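First comes the structure, then the notes that go with it.
All of these numbers come straight from a predicted model, not from anything done at the bench. Protein chains get the first letters and strands the later ones, always in sequence-line order, with residue 1 at the start of each.
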Amino acid sequence: MPELPEVETIRRSLESYIVGKTIEDVQVPQPRLRRPVPVAELKRWALGQRIVRLDRRGKYLLWHLQNNAVVAIHLGMSGRLGYYTEVTACEKHTHVIVTFAEGGVLHFRDPRRFGSFDVFEPGRACLQQMGVEPLSADYSRDYFSAKCGDSKRAIKTLLMDQKIVVGVGNIYATEALFLAGIHPLRPGLSLQPDEVQRLCAAVVTILNRAVARGGTTLNDFRDARGEPGFFQMDLAVYDQAGKACPNCGTAIRKIVFNGRSAYVCETCQQ
DNA sequence: CCTATGACCTGAACGC
DNA sequence: TGCGTTCAGGTCATAG
């Protein structure tokens, strides 16, 4: 489900509930996820530890513990974190339950099991293969050009490649390409310098807007408190097949490649 | 190395 | 009502 803005929204809402708290218990009623939840390691490194900081890296949520271990959570397509002040009955597809000494419990649910819930022991580097953060100073036209300027891959595929830039998924790649006026199927090497510039700027604009609005409410996105996002109004093209392009009125077309849907205004995006 | 494809899962929405 | 089909915000392994 979530891309960078959704994970960031969850991070912000969860932060106030669990930073400074001590992990008293970890239960794993269903360890099967993308990778099995490492139950023994998780208990070994997390039990009794205080959470000192919540961070986000791409689509991962990171819990930095007092002993320098890191809990890394990916929500896949359908992952949810639910915070409750009282002990609460375990819903279907609940994989991990974390209980805090100061009160409060957190449930991780993921029906499709594309998510993950891992722990990295103190000092062990994690998530080394990931690209730059699009909302950081590392992300520039020059960086993107260097990574994509020689590639024949479709620009939308490049935008979604987490080894290049993290956090951008199908919705925001689609929206950024529309805002930049660039066709999703264009090979990376075909983009002119001004187009790369426009695209990088569009990614930043779209992500900042989405973060400011608390993520996208397409189907069932909720933050850790169960509040819906507020972004539903201006998805210009994503999931808008047949509707009028907000710029020119041309019908938005759905195209499928790399096993994913993309939406495009064939007039505005060349 | 690069690229494309299917596998991994469940559930919601839709057509008949 | 129910059954079958299609599709979904993401990675990952493997084949060419």
Subject >> Positive for ring pair (Phe, Tyr, Trp, His ring centres under 6.0 Å) with His74(A), one of Tyr60(A), Phe117(A), Phe114(A), Phe108(A) >> reply: Tyr60(A)

Side chain of [X] - closest among [options]:
{"X": "Arg32(A)", "options": "dG9(C), dC9(B), dC12(C)", "value": "dC9(B)"}
{"X": "Lys254(A)", "options": "dC7(C), dC12(C), dG10(C)", "value": "dC7(C)"}
{"X": "Arg112(A)", "options": "dT10(B), dG9(C), dC12(C)", "value": "dT10(B)"}
{"X": "Glu3(A)", "options": "dT3(B), dT11(C), dG10(C)", "value": "dG10(C)"}
{"X": "His74(A)", "options": "dA8(C), dG10(C), dA4(B)", "value": "dG10(C)"}
{"X": "Tyr238(A)", "options": "dC12(C), dG9(C), dT3(B)", "value": "dG9(C)"}
{"X": "Tyr263(A)", "options": "dA8(C), dG9(C), dG10(C)", "value": "dA8(C)"}

Subject >> side chain to side chain donor-acceptor pair (under 3.5 Å) partner of Tyr172(A), the single match among Glu3(A), Arg209(A), Glu6(A) >> reply: Glu6(A)

Original post:
Quick one: which of Asn170(A), Thr174(A), Asp161(A) gives a side chain to side chain donor-acceptor pair (under 3.5 Å) with Lys156(A)?
Top reply: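 Running side chain to side chain donor-acceptor pair (under 3.5 Å) over Asn170(A), Thr174(A), Asp161(A) with Lys156(A) returns exactly one hit, Asn170(A).
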
Any heavy-atom pair between the side chains of [Y] and [X] that's under 4.5 Å?
{"X": "Val87(A)", "Y": "Thr99(A)", "result": "no"}
{"X": "Leu158(A)", "Y": "Lys147(A)", "result": "no"}
{"X": "Arg113(A)", "Y": "His95(A)", "result": "yes"}

Could you state the atom-to-atom distance from [atom1] of [X] to [atom2] of [N] in whole Å?
{"X": "Asp150(A)", "N": "dC1(B)", "atom1": "CG", "atom2": "P", "value": "16 Å"}
{"X": "Ile155(A)", "N": "dT3(B)", "atom1": "CD1", "atom2": "C1'", "value": "15 Å"}
{"X": "Lys156(A)", "N": "dA4(B)", "atom1": "NZ", "atom2": "P", "value": "13 Å"}
{"X": "Phe257(A)", "N": "dC7(C)", "atom1": "CZ", "atom2": "C1'", "value": "17 Å"}
{"X": "Leu33(A)", "N": "dA7(B)", "atom1": "CG", "atom2": "P", "value": "21 Å"}
{"X": "Arg153(A)", "N": "dA4(B)", "atom1": "CZ", "atom2": "P", "value": "8 Å"}
{"X": "Arg260(A)", "N": "dG6(B)", "atom1": "CZ", "atom2": "P", "value": "15 Å"}
{"X": "Met160(A)", "N": "dA4(B)", "atom1": "CE", "atom2": "C1'", "value": "14 Å"}

For [N], does either OP1 or OP2 sit under 4.0 Å from a side-chain N or O belonging to [X]?
{"X": "Gln162(A)", "N": "dT11(C)", "value": "yes"}
{"X": "Lys59(A)", "N": "dG10(C)", "value": "yes"}
{"X": "Ser78(A)", "N": "dG10(C)", "value": "no"}
{"X": "Arg35(A)", "N": "dC12(C)", "value": "yes"}

Original post:
Strictly by modelled atom types, are Ser116(A) and Arg35(A) linked by a side-chain donor-acceptor pair under 3.5 Å?
Top reply: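 Their side chains do contain a donor-acceptor pair, which is all the 3.5 Å distance test asks for.
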
Original post:
With rounding to whole Å, what would you report as the distance between dG9(C) and dT3(B) at their C1' atoms?
Top reply: 23 Å

Original post:
Just wondering, do Phe114(A) and dT11(C) stack (centres under 5.5 Å, planes under 30°)?
Top reply: no

What contact category does [X] fall into here, base, sugar-phosphate, or nothing, at under 4.0 angstrom with non-hydrogen atoms?
{"X": "Thr157(A)", "answer": "nothing"}
{"X": "Ser261(A)", "answer": "sugar-phosphate"}
{"X": "Arg109(A)", "answer": "nothing"}
{"X": "Lys92(A)", "answer": "sugar-phosphate"}
{"X": "Gly259(A)", "answer": "nothing"}

**OP:** Would you kindly compare His93(A) and Arg34(A) by the position of their nearest DNA chain B nucleotide and give the one closer to the 5′ end?
**Re:**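 It is Arg34(A), whose closest nucleotide lies nearer the 5' terminus.
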
**OP:** Please answer whether the main-chain N or O of Leu75(A) pairs with a side-chain N or O of Lys59(A) as donor and acceptor at a distance below 3.5 Å.
**Re:** no

**OP:** State, to 0.1 Å, how close Arg141(A) and Cys200(A) come at their nearest heavy-atom pair, and which atoms those are.
**Re:**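 Closest approach of Arg141(A) to Cys200(A): CA-SG, 4.0 Å.
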
Original post:
Tell me, what's DNA chain C's dot-bracket, Watson-Crick or G-U with both distances under 3.5 Å, | for other-strand, [ ] crossing?
Top reply: .|||||||.|||||||

Original post:
Does the dC9(B) base have a donor-acceptor partner in the side chain of Arg113(A) within less than 3.5 Å?
Top reply: no

